[in-house]
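I have placed the structure first, in the form of structure tokens, so that the comments after it can refer back to it.
All chains are named by letter (A, B, ...) in the order of the sequence lines, taking the proteins before the strands, and each is independently numbered beginning at 1.
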Amino acid sequence: MAKPNIPQGTRDFGPEVVRKRQYIFNTIKSVFELYGFQPLETPAMENLDTLMGKYGEEGDKLIFKILNNGLDNPAKHQQAKEDFEKVLQGKNTKGITERALKYDLTIPFARYVAMNHGQLTFPFKRYQVQPVWRADRPQKGRYREFYQCDADVVGSNSLINEVEFVNIYHQAFIKLGLTNYDLRINSRKILSALSELCGGADKMTDITIAIDKLDKIGLDKVKEELSQRGLNGDQISIIENYLNINGSNEEKLTQIKTLLANSGTGKKGIEEIEYVLTSSTQNSNPQTVNLSIDFTLARGLNYYTGIIFEAKAPAEVKIGSIGGGGRYDDLTGLFGVPNVPGAGISFGVDRIYDVLEELKLFPETVAQGTKALFFNLGLEESKTAFRLLQQVRQEGIAAEIFHEQAKMDKQFKYAEKKNIPYVVIIGSKEIEEKICAVKDLQKGEQQKIPFEELATFLSK
RNA sequence: GUGAUUGUAGCUCAGCUGGUUAGAGCAUCAGAUUGUGGUUCUGAGGGUCGCCGGUUCGAACCCGGUCAGUCACCCCA
């Protein structure tokens, strides 16, 4: 038997890890609920048609495809071979694969809305926490199976939604202890106005891909890349002016207004950012949101049409993006149901986990499962212990008894490893006096508690 | 898809220019310690050095291949 193994880029989550992950999930979910979002789940797999062509050329390559069943049916050999030839040429064919693992939660959601738009009440606000799969090469902060935590609202054009999303990000990050999160905002309308200024809307993808890298590779390399992507000197210098915009949010707005003065789309984008910026900073409490304008922000997914967001981890952990989102005006249009505008955000839970771990931000209580371990000191003793144990459980306190009579040394070690804060010792002496010795392992202190007061004591 | 790098005990790693029975720390188990753990001391178990092949009198070490992991680029959470 070969050594057991799991596929590249996937992980098992042990008990402590699951506890910590659930802490993150629950924190974010509770904020979603607070803002009126409802839960939704969709299948792990979708029809390949549903997913293909929605994430750009690169995205399509990263979709995990599922091999059809029944390919070994002799009657279909000839067809299967012909279809496979097509696959070798880089084409997709239903003969070989017609289903795939979902790549994100947004497109399946759009599919759900398109399928059920007759029954849904709009605006429809849903949140969804499920794994997604990408056939990417794993590396730091990057997995082939990872969880997304999305909230979207469809059926509303109002910018109030964007403002709410800013506050959701803020509130969730604060609850998680990530006070110095970094939330950026931009608008696809501004990027589109810039592209028009530089030779046409078809250049938008090239431009956004290049300027998105400004942080990482610097201005000179960005200019180089723009030139490689077919932009001329005049166009590049416009972009250079655009990239040189800096200062506070207000200063950036002033500068962009001058640059895009002649563009209707641009003006619209600027107004929207201004609105979201002022509304979300006014309404926020207990502290101000860290929302800053970043005109280099592009977002890879090309279905965004308005405001876009990106949340970054504090710079010192070097993990990068921990969330993102934005407005998409016609996502369900891809599925034949036009005029359903939407906006949404996503939290990258796996990366948030890494950030919290690195910054030691998990509360200690997260690691705790069992609250008290009852020592097993013999057959008679354990009968009393078991009776008390059940009483304690009746009060909703997680407790367990050591599985066999053993040296105290061993039982202490078990409690310590399982992070159990209290041990309850009941021996012959204690039974006689109807008290138990309760030891607080962290403090190392021990006290005598009468049997009938044990549950109350532990529930504190 | 492109490039780099690593693979030795359950874990983290050492192992000199190839030389005989491959080491350490942590962890595990037992004892010092018959109802009070985390400290200390003593002892024990555990490895066909990722796999296949080559060079050599001799390979954990050199060479080729292969598999797996990690990191970076592309792209992205």
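On the C1' atoms, G46(B) is 14 Å away from A22(B), given to the nearest whole Å. Between the P atoms of U8(B) and G43(B), the separation comes to 28 Å (whole Å). To the nearest whole angstrom, the two P atoms, one in G50(B) and one in A68(B), are 16 Å apart. Comparing the C1' positions of G53(B) and A59(B) gives an interatomic distance of 13 Å, to the nearest angstrom. Taking the C1' atom of each, C63(B) and C11(B) are spaced 32 Å apart, rounded to whole Å. With C1' as the reference atom, C67(B) and C52(B) are 10 Å apart, rounded to whole Å. Between C71(B) and U55(B), the two C1' atoms lie 32 Å apart (nearest whole Å). Taking the C1' atom of each, U42(B) and G65(B) are spaced 49 Å apart, rounded to whole Å.
Here U56(B) sits opposite no nucleotide as a Watson-Crick or G-U wobble pair (both hydrogen-bonding atom distances under 3.5 Å). Pairing for U5(B) goes to G69(B), judged as Watson-Crick or G-U wobble with the two contacts each under 3.5 Å.
Using a 4.0 Å heavy-atom cutoff across all strands shown, Ile352(A) reaches no nucleic acid atom at all. If you check every strand for non-hydrogen atoms under 4.0 Å, Gly323(A) touches sugar and phosphate atoms only. At a threshold of 4.0 angstrom between heavy atoms, the contacts of Phe375(A) with the nucleic acid are absent. In this structure, Lys407(A) reaches the sugar-phosphate backbone alone: every heavy-atom distance under 4.0 Å involves primed, P, OP1 or OP2 atoms, never a base. No contact: Asp350(A) has no heavy atom under 4.0 Å from any strand. Lys417(A) comes within 4.0 angstrom of sugar-phosphate atoms only, judged by non-hydrogen atoms across all strands, and of no base.
Side-chain proximity of Lys213(A) to G35(B), G37(B), C74(B): nearest is C74(B). With C74(B), A77(B), U36(B) as the choices, the nucleotide that has an atom nearest any side-chain atom of Phe412(A) turns out to be U36(B). Candidate nucleotides U36(B), C76(B), C71(B) were compared by shortest atom distance to the side chain of Met408(A), and U36(B) ranks first. The side chain of Lys439(A) lies closest to U36(B), out of U36(B), C71(B), A77(B). Of the candidates G35(B), A72(B), U36(B), U36(B) carries the atom nearest the Gln446(A) side chain, counting heavy atoms from C-beta on. For Arg137(A), counting side-chain heavy atoms from C-beta on, the closest listed nucleotide (G37(B), U2(B), A27(B)) is U2(B). When distances run from any side-chain atom of Arg134(A) to the nucleotides C71(B), A77(B), U36(B), the shortest one goes to A77(B). Here the side chain of Gln8(A) is nearest to one of A77(B), A72(B), G69(B), namely G69(B).
When the shell of 6.0 Å around CD of Gln390(A) is examined, it contains more than 12 heavy atoms from other residues, nucleotides or ligands.
Spacing between atom CG of Asn419(A) and atom C1' of G37(B) amounts to 14 Å, rounded to whole angstrom units. Atom NZ in Lys410(A) sits roughly 16 Å away from atom P in G37(B) (whole-Å rounding). If you measure from atom CD of Gln411(A) to atom P of G37(B), you get 13 Å, rounded to the nearest angstrom. Atom CD in Glu225(A) sits about 12 Å away from atom C1' in C73(B), given to the nearest Å. Counting to the nearest Å, the P atom of G35(B) and the CD atom of Gln405(A) are 9 Å from each other. Rounded to whole Å, atom C1' of G37(B) lies 16 Å from atom CD of Glu445(A). Rounded to whole angstrom, the span from the CD atom of Glu430(A) across to the P atom of G35(B) amounts to 12 Å. In this structure, Phe173(A) places its CZ atom 13 Å from P of A77(B), rounding to the nearest Å.
For an aromatic pair to be called close, the ring centres must be under 6.0 Å apart, and Tyr35(A) with Phe165(A) fails this. For Phe412(A) and Phe375(A), the gap between ring centers is short of 6.0 Å. Note: Tyr169(A) and Tyr181(A) fail the aromatic proximity criterion, with ring centroids not under 6.0 Å apart.
OP1 or OP2 of A72(B) sits under 4.0 Å from a side-chain N or O of Gln139(A).
Phe347(A) does not qualify as a stacking partner of the A77(B) base, lacking a centre-to-centre distance under 5.5 Å together with planes within 30°.
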field: Evaluation steps, side chain to side chain contact (heavy atoms under 4.5 Å, CB included), between Ile185(A) and Leu297(A)
entry: CA-CA 7 Å; Ile185(A) 184 172; Leu297(A) 176 61; 5.7 Å; no

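In this structure, Lys418(A) pairs ionically with Glu400(A), as a charged nitrogen and a carboxylate oxygen lie closer than 4.0 Å.
Map Gln148(A) and Lys140(A) each onto its nearest nucleotide of RNA chain B; the residue landing nearer the 5' end is Lys140(A). Along RNA chain B, the nucleotide closest to Ile426(A) and the one closest to Ser346(A) are compared, and the more 5′ of them pairs with Ile426(A).
Annotation: the span from Asp354(A) atom CG to Glu357(A) atom CD amounts to 8.0 Å, rounded to 0.5 Å.
Ring pair Phe347(A)/Phe173(A) is perpendicular by interplanar angle, where above 60° counts as perpendicular and below 30° as parallel.
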